[in-house]
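Computed from a predicted model, the values in this text were never measured in an experiment.
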Amino acid sequence: MRTVAQQLEQRGYDKGLRHILVSLLATRFGALPDDLRARIDHADAASLERWGTRVLSATTLDDVFNAS
């Protein structure tokens with residue numbers, strides 16, 4: 001069981017990851033479709049980190065979100 005402090009820390013970490021990912025994606029690919037914004041907003045930390053790594057070499061949004 002995680003403490004309240006740990007839960008708040010995780011939420012802050014996730015929020016920061018979301019902000020950075022959206023910024024990187026928008027800089028590289030332009031405005032993001034609403035469905036991808038929603039996907040990012042509801043993603044867990046592992047997904048956010050995975051997508052953040054992929055954005056470095058991706059040539060399309062599909063490369064970021066649907067790579068095998």
Side-chain angles (χ1 to χ4, degrees):
M1 177 84 97
R2 293 174 31 189
T3 66
V4 172
Q6 290 169 323
Q7 292 173 8
L8 291 172
E9 181 180 359
Q10 185 64 49
R11 283 188 205 162
Y13 178 75
D14 293 353
K15 183 177 179 180
L17 283 177
R18 284 184 182 87
H19 177 76
I20 291 168
L21 180 60
V22 167
S23 179
L24 289 171
L25 290 167
T27 299
R28 185 160 183 132
F29 301 110
L32 299 178
D34 290 340
D35 63 320
L36 287 182
R37 285 299 305 255
R39 191 170 173 189
I40 292 167
D41 288 343
H42 295 95
D44 60 16
S47 295
L48 295 169
E49 291 170 359
R50 184 173 54 253
W51 298 333
T53 300
R54 288 181 187 164
V55 75
L56 298 173
S57 60
T59 56
T60 67
L61 286 170
D62 192 54
D63 291 342
V64 175
F65 292 97
N66 299 314
S68 314

Distance col, row L48:CG vs I20:CD1, nearest 0.5 angstrom, shows 10.5 Å

Can you get from L17 to L8 by hopping between Ile, Leu, Val, Met, Phe, Trp and Tyr side chains that sit under 4.5 Å apart? no

Without swapping roles, check the side chain of H42 against the backbone of A38 for a donor-acceptor pair under 3.5 Å. yes

Gap separating the CD atom of E9 from the CG atom of D14, nearest 0.5 angstrom: 10.5 Å

Does the side chain of I40 come within less than 4.5 Å of S47's, by heavy atoms? no

Could you check L25 against L36 for side-chain contact (heavy atoms from CB on, under 4.5 Å), going step by step and ending with a plain yes or no? CA-CA 10 Å; L25 290 167; L36 287 182; over 6 Å; no

Specify the closest pair of heavy atoms between F65 and R39, including all atoms of both residues, with the distance to one decimal. O-NH2, 3.2 Å

Closest non-hydrogen atom pair between Q6 and M1, with its separation: OE1-O, 4.5 Å

So which atom in R18 and which in D41 form the shortest heavy-atom distance, rounded to 0.1 Å? NE-O, 3.2 Å

Working to the nearest 0.5 angstrom, can you tell me the gap between R54 CZ and L24 CG? 15.0 Å

Is D63 reaching over with its side chain to a backbone N or O of T60, donor-acceptor style, under 3.5 angstrom? yes

Looking at Q10 and A45, what are the two nearest heavy atoms and their distance? NE2-CB, 3.6 Å

Treating T27 as the side-chain partner and S23 as the backbone partner, does any N or O pair qualify as donor plus acceptor under 3.5 Å? yes

For residues F29 and V64, report the shortest heavy-atom separation together with the two atoms involved. CE1-CG2, 4.1 Å

Taking atom CZ as the centre, does R37 end up with more than 12 heavy-atom neighbours from other residues, nucleotides or ligands that are less than 6.0 angstrom away? no

Inter-residue atom distance W51.CH2 - N66.CG, 0.5 Å rounding: 9.5 Å

